[in-house]
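So the structure is just underneath, and the comments pick up after that.
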Amino acid sequence: MTSRPEYATPGTGAMPFHEALRAAIAASGLSLDRIQDRLLRRGTPVASATLSSWQSGRYQPERQRSLAALTVLEDVLRLPPGALTGLLGPPRPRGRWLPPVGDHPDLARVWSDHQDLTAVLAALDTRWDDSLTRLSCHNRVDVDADRSVRSMTSRRLLRAEADGADRWIALYRLDAPGPLPLFRPAAPARLGTVVELPAEGLVAAELLFDRPLVRGETVIVDYTVEHRDPRPYSLRAETTIHVPMREHLLEVRFAKGSLPRACYSFRTNGLDSHAGTARPREQRLRVDASGSVHTVALGVGPCRVGIRWVWA
């Protein structure tokens, strides 16, 4: 016989939302992936990483679509209506461009489809990720005449929403496992701890600011990702945006005399590339006279934004 957690009436000593959710999931015997699948089939998709963040207490559902999914989740877990929604605390304060704290997964769960990287990335200080608002980002990928990716340069503008932020966590992932690239930060930033995961094709690095920021202060972070030989042959460039960003510009620059036959921009509706809601929307791009194409995304996230190309 499976036991069920007890729920008090809201406001009369009820257990915290995340503890009640964790207990209900454990009592249901369902994995997060199975719960995600059931929610998706009922038209209220929620990523398994988000469910994990809810039950850990790191975030709570706050947006209208998340609250709608929560009522369906109660039914999936065979709970009385309001058993979970009645335990939610008030929305957490946020500024106009402050990332919505309640609805995005953490870095460790965003960047791997194969394993939970929480323990691996614990070597990095990720505590400031939530308090740095992404105002703008320009990523440029350079493709050589041999159709290999040579490097990617990134320039982003961040704003501190709390005192003390002193670093940015940069992550880069190859399409397939191989020699991992090197991070080259531009002054005044300097390189901190670097974590390499060859089996995942993933490298993560701390880019340290020259000093801690105060709340409301902005900082420009410039760095280059340089590929080692042999450089990867690729047919796409993609950026993962796990929290809302005001402006994102992705550019791909091809060597003269080696232009692709066609280019397309794409954007998913979520982070899970296997979910039905993540089907990319594509648009044909025209290569300009300098051999470049670009796509701009405004007020987006969480999502994946990219450009793919087809060689003749």
Side-chain angles (χ1 to χ4, degrees), residues 49 105-124 126 129 137-156 168-185 191-207 221-242 248-255 258 260 263-268 270-275 278 280 282 292-295 297 302-311:
D106 56 31
L107 289 172
R109 297 185 180 277
V110 167
W111 282 84
S112 177
D113 297 329
H114 310 295
Q115 61 172 308
D116 184 355
L117 301 180
T118 302
V120 178
L121 296 184
L124 304 175
T126 62
D129 185 61
C137 174
H138 179 188
N139 288 338
R140 189 188 73 221
V141 176
D142 288 291
V143 181
D144 278 345
D146 61 1
R147 301 181 176 182
S148 295
V149 175
R150 181 181 65 197
S151 63
M152 184 204 76
T153 58
S154 181
R155 179 180 175 88
R156 60 188 66 231
W168 166 257
I169 305 299
L171 299 101
Y172 191 91
R173 187 175 187 179
L174 301 173
D175 288 341
L180 295 176
L182 302 172
F183 279 93
R184 307 287 191 192
L191 196 62
T193 301
V194 177
V195 174
E196 295 185 337
L197 300 173
E200 290 278 328
L202 180 69
V203 58
E206 295 176 342
L207 303 183
V221 179
D222 280 310
Y223 63 92
T224 301
V225 179
E226 295 181 354
H227 287 281
R228 316 182 198 203
D229 290 326
R231 292 189 295 270
Y233 176 88
S234 182
L235 296 173
R236 62 194 283 140
E238 182 180 292
T239 299
T240 297
I241 303 175
H242 77 292
H248 179 269
L249 170 61
L250 176 61
E251 176 186 6
V252 179
R253 186 168 61 183
F254 299 95
S258 184
C263 292
Y264 303 87
S265 66
F266 63 87
R267 185 193 308 175
T268 68
L271 290 175
D272 188 351
S273 58
H274 304 294
E282 291 196 344
S292 297
V293 292
H294 71 271
T295 183
C303 67
R304 300 184 192 275
V305 175
I307 296 174
R308 69 175 184 88
W309 52 92
V310 180
W311 296 108

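For this chain, numbers begin at 1 and follow the sequence in order.
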Exercise. Before giving the answer on side chain to side chain contact (heavy atoms under 4.5 Å, CB included), spell out for Val203 and Val195 the whole-Å C-alpha distance, their side-chain angles and the decisive distance to 0.1 Å.
Key: CA-CA 6 Å; Val203 58; Val195 174; over 6 Å; no
Which value, rounded to the nearest 0.5 Å, describes the distance between [X] atom [atom1] and [Y] atom [atom2]?
{"X": "Leu171", "Y": "Thr126", "atom1": "CG", "atom2": "OG1", "answer": "10.0 Å"}
{"X": "Glu238", "Y": "Arg267", "atom1": "CD", "atom2": "CZ", "answer": "13.0 Å"}
{"X": "Ile241", "Y": "Leu250", "atom1": "CD1", "atom2": "CG", "answer": "9.0 Å"}
{"X": "Asp175", "Y": "Tyr233", "atom1": "CG", "atom2": "OH", "answer": "11.5 Å"}
{"X": "Asp222", "Y": "Thr153", "atom1": "CG", "atom2": "OG1", "answer": "8.5 Å"}

Quiz item: More than 12 heavy atoms of other residues, nucleotides or ligands under 6.0 Å from NE2 of His138: is that the case?
Solution: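 Yes, the 6.0 Å shell around NE2 holds more than 12 heavy atoms from other groups.
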Practice problem: Please report the C-alpha distance between Asn139 and Leu249 in whole Å, then the side-chain angles of each, then the deciding distance to 0.1 Å, and finally whether the side chain to side chain contact (heavy atoms under 4.5 Å, CB included) criterion is met. | Solution: CA-CA 6 Å; Asn139 288 338; Leu249 170 61; over 6 Å; no
Quiz item: Under the ring pair (Phe, Tyr, Trp, His ring centres under 6.0 Å) test, which residues partner Tyr264, sequence neighbours left out?
Solution: none
Quiz item: Which word best sums up how the rings of Phe183 and Tyr223 line up, parallel for under 30°, tilted for 30 to 60°, or perpendicular for over 60°?
Solution: tilted
Quiz item: Are Ser154 and Arg156 close enough, and set up right, to give a side-chain hydrogen bond (donor to acceptor under 3.5 Å, both in side chains), and what steps lead you there?
Solution: CA-CA 7 Å; Ser154 181; Arg156 60 188 66 231; 3.3 Å; yes
Report yes if some heavy atom in the side chain of [X] is under 4.5 Å from a heavy atom in the side chain of [Y]; otherwise report no.
{"X": "Leu191", "Y": "Glu206", "answer": "no"}
{"X": "His227", "Y": "Pro232", "answer": "yes"}
{"X": "Pro181", "Y": "Val225", "answer": "yes"}
{"X": "Arg236", "Y": "Phe266", "answer": "yes"}
{"X": "Asp142", "Y": "Val149", "answer": "no"}
{"X": "Leu235", "Y": "Arg308", "answer": "no"}

Quiz item: Taking the side chain from Ser292 and the backbone from Arg253, do they hold a donor-acceptor pair closer than 3.5 Å?
Solution: no
Quiz item: So Glu196 and Arg173, salt bridge (Lys or Arg N to Asp or Glu O under 4.0 Å) or not? Walk me through it.
Solution: CA-CA 10 Å; Glu196 295 185 337; Arg173 187 175 187 179; over 6 Å; no
Quiz item: Does Glu226 come within less than 4.0 Å of Arg150, counting only side-chain N to carboxylate O?
Solution: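 So Glu226 does not pair with Arg150 through a salt bridge.
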Quiz item: Would you call Glu251-Arg155 a salt bridge at under 4.0 Å N-O?
Solution: no
Quiz item: Would Arg231 and Asp144 satisfy side chain to side chain contact (heavy atoms under 4.5 Å, CB included), going step by step from the backbone distance to the final call?
Solution: CA-CA 10 Å; Arg231 292 189 295 270; Asp144 278 345; 2.7 Å; yes
Quiz item: Taking it one step at a time, do Arg304 and Thr268 satisfy side-chain hydrogen bond (donor to acceptor under 3.5 Å, both in side chains)?
Solution: CA-CA 5 Å; Arg304 300 184 192 275; Thr268 68; 5.3 Å; no
Quiz item: What about Trp309 and Phe254, are their ring centers closer than 6.0 Å?
Solution: yes
Exercise. Using the side chain to side chain contact (heavy atoms under 4.5 Å, CB included) rule, take Leu180 and Leu174 through it: C-alpha gap first, then chi angles, then the decisive distance, then the call.
Key: CA-CA 8 Å; Leu180 295 176; Leu174 301 173; 4.0 Å; yes
